[in-house]
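First comes the structure, then the notes that go with it.
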Amino acid sequence: MSTAPALEVRDLTKTYANGVHALKGVSLTVEPGDFFALLGPNGAGKSTLIGILSSLVNASGGEARVFGRSIHTDRGGAMQLIGLVPQELNFNQFENPFDICVNQAGFYGIPRRIACERAEKYLRQLSLWEKKAVASRTLSGGMKRRLMIARAMMNEPRLLILDEPTAGVDIEIRRSMWKFVTEINRAGTTVILTTHYLEEAEQLCRNIAIIDKGSIIENTSMKRLLAKLDVETFVLDVAQMPADLPEVDGVKLAAVDAHTLEAEMSRTHDLNSLFAALSARGIVVTSMRNKANRLEELFVRLVEGNNGQAAA
Amino acid sequence: MQTQANLVALGTIVRREIARILRIWGQTLLPPAITMTLYFFIFGNMIGSRIGEMQPGISYIDFIVPGLIMMSVIQNAYGNISSSFFGSKFGRYVEEMLVSPMPSWVILAGYVTGAVVRGLMVGAIVLAVAMFFTPIRIHHFAVTLTTFLLTAVVFALAGFVNAVYAKKFDDIAIVPTFILTPLTYLGGVFYPVSHLSEPWHSISLANPIVYMVNAFRYGLLGISDVNLYAAYGVMLLAAAVLAGFGLYLLKRGVGLRA
């Protein structure tokens with residue numbers, strides 16, 4: 001087995017015909033077996049990067065290798081190792097799920113007998129086997145998303161790229177999809193995920209890159225990134241809001257409405273002093289939660305910081 | 001190993017194309033049968049019986065049978081690939097093939113084979129319809145078969161190029177309506193181009209369909225207005241140029257890759 005990175009991207013650039021610089025020299029490495037998050041705001045360049053990796057977009061410059069195979073000089077070899085779940089539905093809605101999966105395997109040169117076995121295996125694993133013979137256009141939104149995952153698995157890829165696979169999918173189906181993807185990751189498949197549900201990325205991914213305006217602005221492990229978060233905001237539901245709020249050292253308190261307080265404090269600050277001060281003023285806290293998930297806060301800060309630098 | 005994989009991929013596209021042709025048989029196989037029945041009945045039987053023999057022993061209906069078969073093959077080979085490939089672009093499922101390791105020539109060969117198969121099916125249907133109106137005999141089987149196949153390949157390739165450039169469904173209707181149909185009607189299907197006066201005779205010889213129709217007519221009836229070698233030259237040249245251009249478009253990703 002090759003020890004080359006699952007994905008190695010060097011100085012990748014893309015300028016579209018309309019002059020838009022979608023990628024401005026992107027470099028990143030994804031190790032084999034990783035569960036890697038690629039995050040960024042809309043229009044940051046994520047889909048362009050994934051388009052280049054899956055050979056749907058021609059790069060303007062730079063190099064990308066999948067397990068050591070160049071997508072430019074050995075396209076066939078590199079594509080053999082990739083499975084793609086795109087953002088948009090892109091299967092023939094008049095074909096049935098079984099045929100869609102078997103045909104996809106055929107495009108990868110997989111003999112029909114093996115293709116049929118794999119189609120049954122993955123359609124069963126993604127709870128689509130009962131729908132194998134119906135026209136795909138009749139499937140629900142969640143089923144269509146799962147069908148694209150089953151289709152991407154037909155060549156049993158070593159690198160699976162998921163481009164916002166859970167967009168518009170209800171929580172139950174989303175969880176079942178993540179269970180499936182987590183299992184194949186544990187079995188050795190490298191996974192690259194883009195998503196707007198940042199709590200998903202935080203829970204699932206070990207490493208992360210954040211792309212904005214065509215450049216990578218952060219590329220580190222999830223643990224290291226989350227450690228950078230030095231301030232947290234808590235939302236406190238209170239029984240009754242006092243006329244004036246108490247002063248608490250190191251805590252910025254703000255009333256949101258008649259029953260909601262926000263407390264912003266350093267991650268190292270203890271909560272006891274806050275509760276003591278609130279208790280002394282007779283404020284009864286009925287529940288408490290984080291204002292946003294940690295990754296979301298960091299993401300917003302990094303992107304806003306990048307916007308500030310760009311403006312300067 | 002790679003050859004085996006390419007053959008599997010090629011077979012997959014062809015199987016999918018044939019399944020599509022059969023799934024929508026009411027759009028793909030039935031219309032030519034109805035249209036050609038009307039052509040044979042009106043032009044061949046009712047009008048043709050008043051025209052008399054085109055050459056000794058060859059009635060008007062015998063004369064138009066090869067041209068009408070060619071017309072069906074041309075329209076169906078072209079229409080099959082342009083609608084199927086454009087449909088895959090429009091529905092974005094062309095991406096299934098573009099992200100696979102399949103080389104460009106396999107994609108092109110798969111779609112062209114699918115279109116040729118439809119041409120064969122429609123040609124067989126039209127031939128069967130023709131047999132209700134006149135006895136069919138084959139003068140030269142090899143010429144009949146090779147002309148049939150080459151014509152289907154040429155127009156399948158032309159339909160592919162059209163589909164690659166098309167951005168909306170109107171774009172795949174324009175060429176058949178404004179170019180293909182006039183060229184076919186003026187391509188010697190209903191009359192011998194040798195009967196035309198100058199400059200119309202010389203102008204007609206610039207129409208490639210004249211060569212295809214006449215080569216096929218030679219295969220069935222043993223008569224032709226053009227030199228057979230010239231006909232093969234035109235067909236082979238057109239097939240080679242269009243195949244090269246189709247491959248170039250696929251490799252560059254024109255209309256397919258950003």
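Every chain is numbered from 1 and lettered A, B, ... according to where its sequence line falls, protein lines coming before strand lines.
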#### Entry: Under 4.5 Å from a heavy atom of chain B, the part of Q104(A) involved
side chain
### Query
Which region of R15(B), side chain (C-beta onward) or backbone (N, CA, C, O), has a non-hydrogen atom less than 4.5 Å from a non-hydrogen atom of chain A, or is it both or neither?
side chain
### Query
Is it true that R151(A) and E96(B) have a side-chain N and a carboxylate O under 4.0 angstrom from each other?
yes
### Message
Less than 4.5 Å to any heavy atom of chain B: does that hold for the side chain of F91(A), its backbone, both, or neither?
### Response
both
### Task
Tell me, for L84(A) versus chain B, whether the close heavy atoms (under 4.5 Å) come from the side chain, the backbone, both or neither.
side chain
### Query
When rounded to the nearest 0.5 angstrom, what distance separates CD1 in I107(B) from CZ in F107(A)?
8.5 Å
### Query
Distance from E95(A) atom CD to Y93(B) atom OH, nearest 0.5 Å?
7.0 Å
### Query
Any donor and acceptor pair, going by atom type alone, linking the side chain of R75(A) with main-chain N or O of M102(B) inside 3.5 Å?
yes
### Query
Does OH belonging to Y16(A) count more than 12 external heavy atoms closer than 6.0 Å?
yes
### Side chain, backbone, both or neither of I110(A) within contact of chain B (heavy atoms, under 4.5 Å)
backbone
### Message
Take a 6.0 Å sphere around CZ of R252(B) and say whether it holds more than 12 heavy atoms from other residues, nucleotides or ligands.
### Response
no
### Query
CZ of F90(B): more than 12 outside heavy atoms within 6.0 angstrom?
no
### Task
Evaluate whether atom CZ of F41(B) has more than 12 neighbouring non-hydrogen atoms of other residues, nucleotides or ligands under 6.0 angstrom away.
no
### Query
Does the side chain of V8(B) reach to within under 4.5 Å of the side chain of Y108(A), using non-hydrogen atoms?
no
#### Entry: Largest heavy-atom contact set with chain B, pairs under 4.5 Å, which of N58(A), V57(A), L89(A), N92(A)
N92(A)
### Query
Has K131(A) got more than 12 heavy atoms of other residues, nucleotides or ligands less than 6.0 Å from its NZ?
no
### Query
So, for P101(B) and G76(A), which heavy atoms are closest and what is the spacing to 0.1 Å?
CB-O, 3.2 Å
### Query
So, for S55(A) and V99(B), which heavy atoms are closest and what is the spacing to 0.1 Å?
OG-CA, 4.3 Å
#### Entry: N/O donor-acceptor pair under 3.5 Å between R16(B) side chain and D99(A) backbone
no
### Summary
For N90(A) and E95(B) the tightest heavy-atom approach is ND2-OE1, 2.9 Å
